[in-house]
Amino acid sequence: LATGPRQNNGVFYEIRTYDVKPAKMKEFLETIDKYLHIRTAHSELVGFWYSELGAMNKVFHIWKYDNFAHRSAVRHALANDKEWQGKLISVILPLVEKQHNEVAYLVPWCQLGKPPKEGGVYEWVTFQMKPGGPALWGEAFRAAINAHINTGYTRLIGVFHTEYGLLNTVHVLWWNESPDHRAAGRHSAHEDARVVAAVRDSVRFLESQQNVLLIPLRCSPLK
């Protein structure tokens, strides 16, 4: 049961997570960096990262679609793209142990952002919220996000709410200059009364949370 407002247009994001065989991660990343342009010729890539902390041997990538018809057309075109089949997909599939995908919308009060510069790190935070959707927990969650933004130590890139996959899941993508900069900012935030109050209000609706530190690939638009 998920209810609440969403963006007025049909744009959605497909979030793909792959578990790569531990001994094959280097080969996987090199292949992606070399040949991903074949895939991005068909549709827009938001970002491509590999996990550094919080999960091991995982890659995360986000694709933007205008609507479901757009995605279907792209998938059909890929199925007939011999270069994609031969140079990319046929090479990386044997390197992957598991694939997972979700469809998500940006929450209505968030637009996709960009980091102020290249060279930082990203944090992918997954919140499993209580059933009921944004109509139940949306305002409290937004207040907690804004409280962290207002501290100034981190940059919000996007807040995604699942439509397909595990419902009532919210993914928040943050950018920081470095892991140490993030750690120092978190320490300060924990002592900020505004952040503490906002978080205490939002965790009433929280069931679980997972944080993963991500490193962008060279081919990722978000670096």
Side-chain angles (χ1 to χ4, degrees), residues 1-20 28-29 31-51 55 58-114 122 124-129 133-134 138 156-173 210 212 214 216-223:
L1 302 176
T3 58
R6 98 166 27 113
Q7 300 227 7
N8 293 326
N9 57 41
V11 171
F12 67 85
Y13 298 84
E14 183 174 5
I15 301 166
R16 286 182 166 250
T17 309
Y18 296 170
D19 288 7
V20 180
F28 180 95
L29 296 179
T31 302
I32 292 295
D33 266 328
K34 186 175 182 180
Y35 292 117
L36 193 65
H37 66 276
I38 301 171
R39 174 62 183 84
T40 55
H42 291 274
S43 65
E44 182 180 347
L45 173 68
V46 174
F48 206 120
W49 305 265
Y50 65 89
S51 60
K58 283 184 179 289
V59 295
F60 296 74
H61 41 127
I62 304 174
W63 300 86
K64 181 180 178 181
Y65 294 102
D66 297 334
N67 48 48
F68 289 97
H70 178 211
R71 181 184 184 275
S72 295
V74 169
R75 302 305 297 179
H76 178 76
L78 287 170
N80 292 283
D81 187 328
K82 293 182 179 179
E83 190 176 24
W84 180 74
Q85 295 280 354
K87 292 184 177 179
L88 186 57
I89 197 68
S90 64
V91 176
I92 66 170
L93 280 182
L95 313 179
V96 175
E97 291 187 327
K98 186 170 62 175
Q99 295 175 297
H100 176 71
N101 78 327
E102 298 170 285
V103 166
Y105 294 93
L106 282 172
V107 295
W109 43 268
C110 174
Q111 294 185 354
L112 195 63
K114 293 183 178 181
Y122 291 79
W124 183 254
V125 188
T126 299
F127 299 90
Q128 186 59 42
M129 309 301 291
L156 178 67
I157 303 299
V159 181
F160 305 88
H161 178 220
T162 55
E163 179 74 8
Y164 287 100
L166 187 60
L167 293 184
N168 297 293
T169 301
V170 183
H171 301 291
V172 182
L173 183 61
Q210 182 181 17
V212 182
L214 301 177
L217 274 66
R218 289 191 300 270
C219 61
S220 176
L222 287 176
K223 290 184 174 65

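On a predicted model such as this, the values are computed, not experimentally measured, just so you know. Positions are given from 1 along the sequence.
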Open item on the list: Is it the case that the ring center of F48 lies less than 6.0 angstrom away from the ring center of H61?
Closed with: yes
Task: Closest non-hydrogen atom pair between K223 and R218, with its separation - done: CE-O, 2.7 Å
- [ ] Please confirm whether the backbone N or O of P216 pairs with a side-chain atom of S220, one donor and one acceptor, at under 3.5 Å?
- [x] no
TODO: Check S90 against P94 and note the closest heavy-atom contact, atom names and distance.
DONE: O-CD, 3.3 Å
Task: Between F60 and W49, ring centroids under 6.0 Å - done: no
Task: Shortest non-hydrogen contact from K64 toward S43 - done: O-CB, 4.5 Å
Task: Smallest separation among heavy atoms of L222 and G113, with atom names - done: CD2-O, 4.0 Å
Open item on the list: Do L156 and V172 make a side-chain contact, defined as non-hydrogen atoms from C-beta onward lying under 4.5 Å apart?
Closed with: yes
Task: Nearest-0.5 Å distance, CD of residue E14 to CG of residue N101 - done: 4.5 Å
Open item on the list: Looking at G133, is its backbone amide N or carbonyl O close enough to the side chain of N168 to form a donor-acceptor pair, meaning the two atoms are under 3.5 Å apart?
Closed with: yes
Open item on the list: If you count every heavy atom of other residues, nucleotides or ligands that lies below 6.0 Å from Y164 atom OH, does the total exceed 12?
Closed with: no
Open item on the list: Does either side chain, that of H100 or that of T17, offer a donor lying less than 3.5 Å from an acceptor on the other one?
Closed with: no
TODO: Output yes when a side-chain donor or acceptor of D33 lies under 3.5 Å from a complementary backbone atom of C219, and no otherwise.
DONE: yes
TODO: Please tell me if the side chains of L217 and L29 come closer than 4.5 Å, counting only heavy atoms from C-beta onward.
DONE: yes
Task: Shortest non-hydrogen contact from G158 toward C110 - done: CA-SG, 3.8 Å
Task: Between CG on residue L173 and CH2 on residue W124, distance to nearest 0.5 Å - done: 6.0 Å
Open item on the list: Once rounded to the nearest 0.5 Å, what's the spacing between atom CD1 of I15 and atom CD of E102?
Closed with: 5.5 Å
- [ ] State whether the side chain of Y18 and the backbone N or O of E97 hold a donor-acceptor pair below 3.5 Å, judged by distance alone.
- [x] no
Task: Test salt bridge (charged side-chain N to carboxylate O under 4.0 Å, His left out) applied to K82 - qualifying residues, sequence neighbours left out - done: none
Task: Least distance between heavy atoms, L95 atom then V20 atom - done: O-CG1, 3.4 Å
Task: Stacked cation flag R71 on W63, 6.0 angstrom / 45 deg - done: no
TODO: Please round to the nearest 0.5 Å and tell me the distance separating atom CD1 of I62 and atom CG of L112.
DONE: 7.5 Å
- [ ] Apply salt bridge (charged side-chain N to carboxylate O under 4.0 Å, His left out) to R75 and list each qualifying residue two or more places apart in sequence or on a separate chain.
- [x] none
- [ ] Dump the intermediate steps for ring-ring contact (aromatic ring centres under 6.0 Å, His included) on F68 and F12, then the final yes or no.
- [x] CA-CA 8 Å; F68 289 97; F12 67 85; 4.3 Å; yes
Task: Check: F160 ring centroid to Y13 ring centroid under 6.0 Å - done: yes
- [ ] Verify side chain to side chain contact (heavy atoms under 4.5 Å, CB included) between L214 and K58, making sure each step is shown before the conclusion.
- [x] CA-CA 9 Å; L214 301 177; K58 283 184 179 289; over 6 Å; no
Open item on the list: Measuring only between side-chain heavy atoms, which start at C-beta, is Y122 closer than 4.5 Å to I157?
Closed with: yes
Open item on the list: Among T162, V125, T126, V159, exactly one meets side-chain contact (heavy atoms from CB on, under 4.5 Å) together with V170. Which residue is that?
Closed with: V159
Task: Within the 6.0 Å centroid threshold, strictly below: H161 and Y105 - done: no
Task: Donor-acceptor side-chain pairing of Q128 and T169 below 3.5 angstrom - done: yes
Task: Step-by-step side chain to side chain contact (heavy atoms under 4.5 Å, CB included) determination, V59 to F28 - done: CA-CA 10 Å; V59 295; F28 180 95; 3.8 Å; yes
Task: Rounded distance [0.5 Å steps], OG1 in T31 versus CG in L36 - done: 11.0 Å
- [ ] Give a yes or no on whether H76 atom NE2 has more than 12 heavy-atom contacts from other residues, nucleotides or ligands under 6.0 Å away.
- [x] no
Task: I38 and K87: CA distance, side-chain angles, deciding distance, side chain to side chain contact (heavy atoms under 4.5 Å, CB included) verdict - done: CA-CA 9 Å; I38 301 171; K87 292 184 177 179; 4.1 Å; yes
TODO: Report yes if the side chains of R39 and L88 come closer than 4.5 Å at any heavy-atom pair, otherwise no.
DONE: yes
